[in-house]
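A note on names: the letters A, B, ... follow the listed sequences, proteins ahead of strands, and every chain is numbered from 1.
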Amino acid sequence: MKSGHKPKLAVWKFASCDGCQLSLLDCEEELLAVAGHIELAYFPEATRAEIRGPYDISLVEGSITTPHDQHRIQKIRRQSRLLIAIGACATSGGIQALRSFARVEDYVRVVYAHPEYISTLERSTAIAKHVQVDFELRGCPIDKYQLLEVLNAYLNGRKPNIPTYCVCVECKRRGTPCVMVSRGEACLGPVTQAGCGALCPAYARGCFGCFGPMENPHTEALSERLKALGVSEGDMIRLFRSFNAGAEAFRKESKAHVRIEK
Amino acid sequence: MYILEREYLAALATLLLGRGYELIGPKLAGGVITYAPLAGIEEMARKIRDAQGPGHYRSSPGEEDVWFSYVPGAASLKPWFNPPKCLVCRMRGSADEFLNETPPVTAPKRAFIGVRACEVAALRMQDKIFLEGPYADPEYRARREGALILAVNCSHPAETCFCASMQTGPKATTGFDLALTEISAKGKPAFLIEKGSDAGGELLGELPVRMATAKDKEAAILVSERAAQQITREINPERAARGLAAGLEHPHWATLESRCMNCANCTLVCPTCFCSTMEDSTSLSGDTAERWRLWDSCFVSEFTYIHGGSIRKSGASRYRQWLGHKFSHWHKQFGASGCVGCGRCIAWCPAGIDITRELAVFEASAPATARETVR
């Protein structure tokens, strides 16, 4: 980074709520510092100015849900040196991956007056299902400090400190007593990747699994425990089917409960 | 030995605060007893009962007129001596200079009140690890040197406790400045106080104490004896070490793997687990670099990452590492078992795994007399 060249950054959006790319704007003060080292070349949420590719870093938000998306992500990959998928949509298909558990036609018919105008895929999928992804930043939304860490690490040519262990480690480091043990709350913390700073348990709520499965998620063991705490099979399906419903470990576990419920 | 009427414990707190000590003691926060800063004795958890079991903890108001009718919750004293995150060094570089800007390690003077025998034993174990080896840890040393330990002997152990079999409690025998036992003296609630150091003795000189009578001493012995009798769980450290040494390939590791969530809670609540990782970070411009030390765990994949991957890939191998180190090779490394019998890993395991029961499985299939024990 000591060379005169400022790396060019592009921010791309697919099927998503915009929350993750807004995390970059949320950086506020730090964003000014980042702008001192990185050129915001393409970021429609922030500026209408547009600098043509290729780009050194592409942050990609959202999941692939249409044939048009499939085509566009290939184009983006071709003009990106480093491609970073940001957020639950881009890394696991997002909440819209719930469509995988039903027939898309049925949805389309219920929602749209003219279903024939809708051109959509059967599944909502992560960016990595379509192109080579260099790094995945989890979260719904992503944590702005993790985003800054990834950009910082890139600028300094080092490995980003993005842990893949579970939320429990963050709870214990910040001194939050376990909500499952002390309150009997259903919590996805033991199977969810850290990164949020264990936000929900700090407010006496169970973890919602926003950051998706951790490195060695043992969802079956968690379900056993949740069952003992009185969580119904239906509630377990809903627990595992939220922002990261399409993540393999969560998808599989939710299906196990569908079988039991039937 | 001395007697301090219970109402005068507040005077001890005032004395310490007046001398510039930060007072740390058990406090009820969010339904769980934790060690926290206290502005006075009135903030300390008193007359609370705790119900603990595998993966279970609840507190409720106690019915008896006993202040220390509970044992602490998930947080041990560990974070006060070995903080979850601390700066190791900070360096700044420019075109012609390279500067070490690491701030000196300092810690406020802290007095810890309500410390249980198992915690004192754990602190002694941490001393061995952080101070008595070839390299002393500056962070731990700074925090340890100014610390006063005011222990309380347990009268109401939890269902998860097994200190009696680990010979670390329920009565503290060494490693404290003062040790209190809650008794009734001359019909009044009081503490029988044992002096453990000159610093402790000096504090007693400032308090309205009287000499303990033979009857007071008997009452205190009875409190500790009754507490020991209430403890139902047990581990035999020698048998556990033998069982683990002989059971490296035991099929029970697979059973444990099927129940363990790899969440690391057991190691993080353990008052003797000390493993850490280093994290290097930079300023955005790259001029400043910092190295931070963070609590880590043998249940984390990256903990054993070397080029090419993690050494302990299976849940069984990670569980074996934790149990094997704590109860078997710790003897060789530090001359004792790594467990102090506080029971935190049982209560705070979200999967409800009870190591006393698991160890029994290994013990049962170990040869009665080992040809080679781990000692």
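Comparing B:Leu294, B:Thr267, B:Val269 by heavy-atom pairs within less than 4.5 Å of chain A, the highest count is held by B:Leu294. Heavy-atom pairs under 4.5 Å with chain B peak, among A:Glu149, A:Glu30, A:Glu215, A:Lys159, at A:Glu215. When each of B:Gly31, B:Ala29, B:Ser283 is checked for heavy-atom pairs under 4.5 Å with chain A, B:Ser283 comes out on top. Between chain B and the residues A:Arg183, A:Lys172, A:Arg173, the most heavy-atom pairs under 4.5 angstrom are made by A:Arg173. Interface remark: of the candidates A:Val167, A:Leu222, A:Thr164, A:Leu222 forms the most heavy-atom pairs closer than 4.5 Å to chain B. Taking B:Pro84, B:Ser301, B:Ala74, B:Ala264 one by one and counting their heavy-atom pairs under 4.5 Å with chain A, the maximum is reached by B:Ser301. For the set B:Gly73, B:Cys260, B:Ser310, the entry with the most heavy-atom pairs within less than 4.5 Å of chain A is B:Cys260.
Of the atoms belonging to A:Glu220, not a single heavy atom falls under 4.5 Å from chain B. Contact of B:Phe303 with chain A is not made at all, since no heavy-atom distance falls under 4.5 Å. Contact of B:Pro83 with chain A is not made at all, since no heavy-atom distance falls under 4.5 Å. For B:Glu257, the part lying near chain A is the backbone, with the side chain staying farther off; criterion is any non-hydrogen pair under 4.5 Å. There is no contact between B:Ala75 and chain A, counting heavy-atom distances below 4.5 Å. The contact between B:Val300 and chain A is made by backbone and side chain atoms together, counting heavy-atom distances below 4.5 Å. Proximity to chain A (any heavy atom under 4.5 Å) is shown, for B:Ala289, by neither the backbone nor the side chain. Both the backbone and the side chain of A:Ala33 come within less than 4.5 Å of a heavy atom in chain B. With a 4.5 Å cut-off on non-hydrogen atoms, A:Arg174 does not touch chain B at all. Heavy-atom distances place both the backbone and the side chain of A:Val34 under 4.5 Å from chain B. No part of B:Thr34 comes within reach of chain A, as not one of its non-hydrogen atoms sits under 4.5 angstrom from that chain. Looking at B:Pro79, neither its backbone nor its side chain comes within 4.5 Å of chain A, counting heavy atoms on both sides. No part of B:Ser297 comes within reach of chain A, as not one of its non-hydrogen atoms sits under 4.5 angstrom from that chain. For a residue to count as touching a neighbouring chain, one of its non-hydrogen atoms must lie under 4.5 Å from one of that chain's; by this rule A:Arg158 touches chain B with the side chain only.
Under 3.5 Å, the side chains of B:Glu302 and B:Thr277 contain no donor-acceptor pair of N or O atoms. Side-chain contact annotation: A:Asn152 with B:Thr282, donor-acceptor N/O pair under 3.5 Å present. Checking A:Ser58 against A:Trp12 by side-chain atom types alone, a donor-acceptor pair falls below 3.5 Å. In this model, no donor atom of one side chain and acceptor atom of the other lie less than 3.5 Å apart for B:Thr304 and B:Arg312.
Applying the side-chain contact (heavy atoms from CB on, under 4.5 Å) rule to A:Thr47 yields the partners A:Ala49; only residues at least two apart in sequence or on another chain are considered.
Here B:Asp280 pairs with B:Arg291 in a salt bridge; the nearest charged N to carboxylate O distance falls below 4.0 Å. Salt-bridge annotation for A:Glu39 and A:Lys8: absent, with no side-chain N of the basic residue lying under 4.0 Å from a carboxylate O of the acidic one. Using a 4.0 Å cut-off between charged side-chain N and carboxylate O, B:Arg233 and B:Glu159 make a salt bridge.
Relative ring orientation between B:Tyr319 and B:Phe299 is described as perpendicular, the plane-to-plane angle rising above 60° on a 0-90° scale split at 30° and 60°.
Atom CZ of residue A:Arg225 and atom CD1 of residue B:Ile353 lie 9.5 Å apart, to the nearest 0.5 angstrom.
Geometrically, B:Arg116 does not engage B:Tyr35 in a cation-pi contact defined by less than 6.0 Å to the ring centre and at most 45° from the axis.
When ring centroids are compared, B:Phe81 and B:Phe112 come within the 6.0 Å threshold.
Checking side-chain atoms of B:Glu43 against main-chain N and O of B:Ala39 turns up a donor-acceptor pair under 3.5 Å.
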